Amino acid sequence: MLPHEPLIRVEAPLIQAQLVETASLNLVNFSTLIATKAARVRQSCGTDQVLEFGLRRAQGPDGGLMASRAAYLGGADATSNVWAGQHLGVPVRGTHAHSWVMVFKEELDAFERYADALPNNCVFLVDTYDTIEGVRHAISVGIALREKGHRLQGVRLDSGDLAALSKKARQLLDEAGFEDAVVIASNDLDEHIIHDLKDSGGKIDVWGVGTRLVTAFEQPALGGVYKLAAIEDENGQWQPRIKRSEQEIKTSNPGRQQVRRFFSPEGQPMADVIYDIDLPPSGTGIVFTPFHRTGQETITEATFTDLLQPIFLAGRCVYTFPDWEALRQLCRQQVESFVSRSEKPYIYGLEDNLLAQKKELLATH
């Protein structure tokens, strides 16, 4: 969804609609924020795997659980949050901690003991002391694993110059015959840092993204709002309502709103139009005023879909929820459909009947 567009529409007796305000905002805002951040990380990583590593820095255990769920839906492939794996079915991936290495006098001993315990899940965290020496120790243990019919899964870099260290790690692994072992990187990553590391030629296969994902570091809160937009009178007629403000962005849109998305003949999204279902568009086309342009736009002979779909009607759930993978694929398809568009700005705004109603309310209130 885009700015100013409704994510949900609640129609209910007034007291019930007011009671669900805080819960709705809490659930929708945070999950949308994290899923959006995860989608951006996913886009930067391309086909590389993305692991959500943020539980230790999340806003409490419940925030960590919600973040793991939203990150997985937004594009992460797995999480280090075992609770999310147990309760939500999110795939779980992770590595041992630095403390495992520090328990032993020598790093090599730590890797060997870990391989004895988990011979089929050996990803060694190699930067506790000297990163390149750690890679060499991992290779030494990997050779012993290979002789026993197991394989070295990879190494993880968690500090230092990740671009340079990953290149050297990749070189050493390949020279030792571990071309299929992955290089995992972590350490306060986000989509911007990942983009820079890729541009600099870093040889990283898997990205562990934690703090900056689960806290949405650049924008730690989504400013979604919940406003009364219409109320039914004693005759059963819907009366639009508007909230005014000296700040234009905080002036609400009135009416029972729906978002109609139009598509090009190639199936690419081309415009979103917010309209009032009680003021259906007239004529052969839909006329609207974009938020980010001057003048009107008209759309004719285009396929479309209305984005808001019924979930509960008369207190009963009427929606069949897709499974995890279907939801993830839908999210991925939606993001890619926008990314694959040309550089031309996306057009979205208010349908002109709704805009006229908004202007009338502003003039009389």
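This is a predicted model, so every value here is computed, not measured.
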### Query
Passes side chain to side chain donor-acceptor pair (under 3.5 Å), Arg151 versus Gln153? Steps please.
CA-CA 6 Å; Arg151 58 182 288 266; Gln153 300 287 325; 3.2 Å; yes
#### Entry: Test side-chain contact (heavy atoms from CB on, under 4.5 Å) applied to Leu152 and Arg146, step by step
CA-CA 7 Å; Leu152 173 65; Arg146 187 163 55 191; over 6 Å; no
### Task
Decide yes or no on salt bridge (Lys or Arg N to Asp or Glu O under 4.0 Å) for Glu191 and Arg42, but give the supporting numbers first.
CA-CA 8 Å; Glu191 67 270 34; Arg42 171 80 272 165; over 6 Å; no
### Message
If you apply the rule side chain to side chain donor-acceptor pair (under 3.5 Å), what do you find for Ser186 with Asp158, and how did you get there?
### Response
CA-CA 5 Å; Ser186 52; Asp158 190 52; 2.5 Å; yes
### Task
For the pair Val10 and Ile8, evaluate side-chain contact (heavy atoms from CB on, under 4.5 Å) and give the outcome as yes or no after the intermediate values.
CA-CA 7 Å; Val10 176; Ile8 59 174; 4.3 Å; yes
### Query
Is there a side-chain contact (heavy atoms from CB on, under 4.5 Å) between Lys227 and Arg241 once you walk through the steps?
CA-CA 9 Å; Lys227 297 299 179 186; Arg241 292 290 188 269; over 6 Å; no
### Verdict with reasoning, Val273 to Val259, per side-chain contact (heavy atoms from CB on, under 4.5 Å)
CA-CA 6 Å; Val273 180; Val259 182; over 6 Å; no
### Task
Determine, stepwise, if the pair Phe304 / Phe263 fulfils ring pair (Phe, Tyr, Trp, His ring centres under 6.0 Å).
CA-CA 6 Å; Phe304 64 84; Phe263 300 89; 9.2 Å; no
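Not one N or O on the side chain of Glu106 forms a donor-acceptor pair closer than 3.5 Å with the backbone of Leu108. Counting only distance, with no hydrogens or angles, the side chain of Tyr114 and the backbone of Cys122 share no donor-acceptor pair below 3.5 Å. Under a 3.5 Å cut-off, the side chain of Ser337 and the backbone N or O of Gln334 do form a donor-acceptor pair. Between the side chain of Thr79 and the backbone N or O of Asn81, at least one donor-acceptor pair lies under 3.5 Å. Counting only distance, with no hydrogens or angles, the side chain of Thr32 and the backbone of Asn29 share no donor-acceptor pair below 3.5 Å. In this structure a side-chain-to-backbone donor-acceptor pair under 3.5 Å is missing from Asp352 to Leu355. Side-chain atoms of Glu266 never come within 3.5 Å of backbone atoms of Gln268 as a donor-acceptor pair (strictly under, hydrogens ignored). A distance-only check finds a donor-acceptor pair linking the side chain of Tyr226 to the backbone of Ala17 [under 3.5 Å]. Judged purely by atom type and a 3.5 angstrom limit, Glu5 uses its side chain to pair as donor or acceptor with the backbone of Leu2. Between the His150 side chain and the Ala144 main chain, no donor and acceptor come within less than 3.5 Å of each other.
No more than 12 heavy atoms of other residues, nucleotides or ligands sit less than 6.0 Å from atom CZ of Phe217. More than 12 heavy atoms of other shown residues, nucleotides or ligands fall within 6.0 angstrom of atom CZ in Arg293. Crowding of Ile249 atom CD1: a count of heavy atoms from other residues, nucleotides or ligands under 6.0 Å not exceeding 12.
Between Trp238 and Asp233, every side-chain heavy-atom pair lies at or beyond the 4.5 Å cut-off. Looking at Leu354 and Pro254, their side chains come closer than 4.5 Å, going by heavy atoms from C-beta outward. Taking 4.5 Å as the limit, some side-chain heavy atom of Asp188 sits within range of a side-chain heavy atom of Thr211. Looking at heavy atoms from C-beta onward, Trp207 lies in side-chain contact with Leu197 at the 4.5 angstrom threshold. Looking at Leu172 and Arg136, their side chains come closer than 4.5 Å, going by heavy atoms from C-beta outward. Residues Phe288 and Ile299 meet the side-chain proximity criterion, which asks for heavy atoms closer than 4.5 Å. Between Val209 and Leu51, every side-chain heavy-atom pair lies at or beyond the 4.5 Å cut-off.
A distance of 7.5 Å separates CD of Gln258 from CD1 of Ile277, quoted to the nearest 0.5 Å. One distance of note links CZ of Phe321 with CG of Leu327; it measures 9.0 Å at 0.5 Å rounding. Once rounded to the nearest 0.5 Å, the distance linking CZ of Phe312 with SG of Cys317 reads 4.5 Å.
Connection of Ile274 to Phe338 is established within a shared hydrophobic cluster, with ILVMFWY side chains joined at heavy-atom distances below 4.5 Å, either directly or through further cluster members. By the rule that hydrophobic residues join a cluster once side-chain heavy atoms approach within less than 4.5 Å of another member, Tyr129 and Val126 end up as members of one cluster. Under a hydrophobic clustering in which Ile, Leu, Val, Met, Phe, Trp and Tyr are joined whenever their side-chain heavy atoms come within less than 4.5 Å, directly or via other members, Ile139 and Val183 fall into the same cluster. Both Val155 and Phe178 belong to a single network of hydrophobic side chains, linked directly or stepwise wherever heavy atoms of I, L, V, M, F, W or Y lie under 4.5 Å apart. Ile184 and Leu189 fall into different hydrophobic clusters, where Ile, Leu, Val, Met, Phe, Trp and Tyr residues are linked whenever their side-chain heavy atoms come under 4.5 Å apart, directly or through other members.
Of the charged side-chain nitrogens involved, at least one lies within less than 4.0 Å of a carboxylate oxygen, so that Arg9 and Glu11 count as a salt-bridged pair. Asp109 and Lys105 are not joined by a salt bridge, as no carboxylate oxygen comes within less than 4.0 angstrom of a charged side-chain nitrogen. Residues Arg260 and Asp272 are not paired through a salt bridge, judged by the lack of any N-O separation under 4.0 Å between the basic side chain and the carboxylate. Under a 4.0 Å N-O distance rule, the pair Asp190/Arg40 does not qualify as a salt bridge.
Gln329 and Glu325 share no donor-acceptor pair across their side chains, judged by distance under 3.5 Å alone. Between Glu112 and His137, the side chains place no donor N or O within less than 3.5 Å of an acceptor N or O (distance only, hydrogens not considered). With 3.5 Å as the limit, one finds a donor-acceptor pair spanning the side chains of Glu52 and Ser68. Using modelled atom types and a 3.5 Å distance limit, the side chains of Tyr275 and Asp306 yield a donor-acceptor pair. Gln247 and Ser245 share no side-chain donor-acceptor pair at under 3.5 Å.
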Donor-acceptor contacts under 3.5 Å from residues 89-103 side chains, at least two apart:
unit_1, atom_1, unit_2, atom_2, d
Arg93, NH1, Gln49, OE1, 2.9
Arg93, NH2, Gln49, OE1, 3.4
Thr95, OG1, Arg156, NH1, 2.7
His96, NE2, Leu125, N, 3.2
His98, NE2, Asp127, OD1, 2.7
Trp100, NE1, Ala110, O, 2.9

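Chaining together hydrophobic side chains whose heavy atoms lie under 4.5 Å apart places Ile242 alongside Leu361, Leu362.
A pairwise comparison of heavy atoms in Ala67 and Phe30 identifies N-CE2, 3.8 Å as the closest pair. Contact between Gly54 and Val214 at its shortest, heavy atoms only, is O-CG2, 3.4 Å. Minimum heavy-atom separation, Thr215 to Arg212: OG1-CA, 4.2 Å. Considering all non-hydrogen atoms of both residues, Phe111 and Gly134 come closest at CE1-O, 3.6 Å. The heavy-atom pair separating Leu65 from Leu88 by the smallest distance is CD1-CD1, 3.9 Å.
For Phe291 and Tyr348, the gap between ring centers is short of 6.0 Å.
Checking Gln357, Gln257, Lys358 one by one against Asp276, the side-chain hydrogen bond (donor to acceptor under 3.5 Å, both in side chains) holds for a single residue, Gln357.
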